[in-house]
2 protein chains.
Amino acid sequence: MANDSSVLFASVADYFKVLSETSRLTILDALRESGPMNVTEIAAATGLGQANLSKHLKVLTQAGLLSRNPAGVSVYYEIIDPVIFDLWELVCDRLKQRLHQQARSLEQFQILR
Amino acid sequence: MANDSSVLFASVADYFKVLSETSRLTILDALRESGPMNVTEIAAATGLGQANLSKHLKVLTQAGLLSRNPAGVSVYYEIIDPVIFDLWELVCDRLKQRLHQQARSLEQFQILR
DNA sequence: TATAAGAATAACCAAATAGTTATTTAGTTG
DNA sequence: CAACTAAATAACTATTTGGTTATTCTTATA
């Protein structure tokens, strides 16, 4: 086939790429747990360094997952793309299934020995 | 909080990372369209080089998304993780929404001028 | 206006990785 | 066994990117 879905593939890949880093998932989880936070608060919640955090927040914002709201000296970030939690849940469920399968395989293995 | 979901975060991130490359999405799409194929067939369907393709197939297999079945000289690969299509759909729907929003914003912009 | 604080950016380094070319391994058939 | 084919691997290059340190920019306040 090789139809030109290449642009679509690239968009989807980019979206997944944003979600493929532990630090960014940590940030998203913190914002999900605590609601909107400024950078200092996110830093405290995640343990990430200021500059590093700032870069990740930029990535997440430009990807359309977070909104950015300056308030005085601070800047507040908030999750605006709820879809990521559906994704999160799907993947988690899948990973759980995997673990169960592995556990079952292991039991089987024990029996056969 | 900083509870130790770090292992979970890493697992989820790894899963998304596998799906964050255009070439691998192309492979998955080809296998979804045509069903099980051997490496030569996948190469023809995707246009990827043999060695490169082989590496991506290894990644996808080790991630548990594909099964690997040698048959004579050939090796057939098949999708065994249907969840990826749910993920695919969620992301595509989301990207479509984005485009619509952007279109609407653009219209608004035209009106205001 | 000078100072301080919060956040973004620049510059840099190290690690990871997609793609290529060349080689090796495994299976098939004459 | 020899020749051939399919797929995997090794070695290498170039690019990307996460993290750090130092600096700049912006806003608030004394």
Side-chain angles (χ1 to χ4, degrees), chain A residues 2 6-7 9-31 34 36-63 65-79, chain B residues 2 6-7 9-31 34 36-63 65-79:
Chain A
S6 43
V7 179
F9 290 156
S11 300
V12 177
D14 284 346
Y15 195 94
F16 282 131
K17 188 165 289 176
V18 174
L19 298 174
S20 71
E21 287 294 331
T22 309
S23 299
R24 286 196 284 269
L25 294 181
T26 307
I27 294 169
L28 289 172
D29 189 58
L31 287 171
S34 308
M37 289 193 285
N38 65 34
V39 177
T40 307
E41 291 167 339
I42 300 175
T46 61
L48 296 173
Q50 186 265 321
N52 188 24
L53 176 56
S54 195
K55 287 204 299 185
H56 283 307
L57 290 173
K58 188 176 187 179
V59 171
L60 289 165
T61 304
Q62 287 187 335
L65 305 188
L66 299 183
S67 66
R68 195 190 104 102
N69 303 100
V73 179
S74 300
V75 177
Y76 281 80
Y77 287 90
E78 181 177 6
I79 294 174
Chain B
S6 44
V7 179
F9 288 157
S11 300
V12 177
D14 285 344
Y15 195 94
F16 282 131
K17 187 165 290 176
V18 174
L19 298 174
S20 72
E21 286 295 332
T22 308
S23 300
R24 287 196 283 270
L25 294 181
T26 306
I27 294 169
L28 289 172
D29 189 58
L31 288 171
S34 309
M37 288 193 284
N38 65 36
V39 177
T40 306
E41 292 169 338
I42 301 174
T46 61
L48 295 173
Q50 186 265 320
N52 188 25
L53 176 55
S54 196
K55 286 204 298 186
H56 283 307
L57 289 172
K58 188 176 187 179
V59 170
L60 289 165
T61 304
Q62 287 186 335
L65 305 188
L66 300 183
S67 67
R68 195 190 105 104
N69 303 101
V73 180
S74 300
V75 177
Y76 281 81
Y77 287 89
E78 182 178 4
I79 295 174

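Naming convention: chains lettered A, B, ... in sequence-line order (proteins, then strands); numbering from 1 in each chain. Quantities reported herein were computed from a predicted structural model and do not represent experimental measurements.
Here B/S54 lies in heavy-atom contact (under 4.0 Å) with a base.
Applying the side chain to side chain donor-acceptor pair (under 3.5 Å) test to B/T61 and every residue at least two apart in sequence or in another chain returns nothing. By the side-chain contact (heavy atoms from CB on, under 4.5 Å) test, B/V18 is found to be paired with B/R24, B/V59, B/L60, B/A63, B/L65, residues two or more places apart in sequence or in another chain being considered. Every side-chain contact (heavy atoms from CB on, under 4.5 Å) that B/K17 has, sequence neighbours left out, goes to A/S20, A/E21, B/S20. Remark: A/D14 engages no residue in a side chain to side chain donor-acceptor pair (under 3.5 Å) (not counting sequence neighbours). With sequence neighbours excluded, the residues satisfying side-chain contact (heavy atoms from CB on, under 4.5 Å) with B/A30 are B/M37, B/A45, B/T46. Applying the ring-ring contact (aromatic ring centres under 6.0 Å, His included) rule to B/F16 yields the partners A/F16; only residues at least two apart in sequence or on another chain are considered. Contacts of A/P36 classified as side-chain contact (heavy atoms from CB on, under 4.5 Å), with partners at least two apart in sequence or in another chain: A/E78. With sequence neighbours excluded, no residue satisfies side chain to side chain donor-acceptor pair (under 3.5 Å) with A/T40.
When rounded to the nearest whole Å, the span between CG of B/D14 and P of C/dA16 equals 12 Å. Taking atom CG on B/L19 and atom P on C/dA18, their separation rounds to 13 Å, with Å as the unit. With rounding to whole Å, A/M37 atom CE is found 16 Å from C/dG6 atom P.
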Pairwise N/O distances under 3.5 Å, protein to nucleotides 14-24 of chain D:
residue : atom : partner : partner atom : Å
D/dG18  : OP1  : A/R24   : NH2          : 3.3
D/dG19  : OP1  : A/S23   : OG           : 3.0
D/dG19  : OP2  : A/S23   : OG           : 3.2
D/dG19  : OP2  : A/N52   : OD1          : 3.2
D/dG19  : OP2  : A/N52   : ND2          : 3.0
D/dG19  : OP2  : A/H56   : NE2          : 2.7
D/dG19  : O5'  : A/N52   : ND2          : 3.3
D/dG19  : N7   : A/K55   : NZ           : 2.9
D/dG19  : O6   : A/K55   : NZ           : 2.8

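Within the 3.5 Å criterion, the main-chain N or O of A/Q50 finds no donor-acceptor partner in the side chain of A/S54.
The ring-ring contact (aromatic ring centres under 6.0 Å, His included) contacts involving residues 40-62 of chain B comprise nothing, where partners must be two or more places apart or lie in separate chains.
For the helix from C/dT1-D/dA30 to C/dG30-D/dC1, the angle separating the two terminal helix axes comes to 10°, with each axis derived from five pairs and the value rounded to 10°.
Of all the residues in residues 65-78 of chain A, A/R68, A/V73, A/S74, A/V75, A/Y77 reach under 4.0 Å from DNA chain C with at least one non-hydrogen atom.
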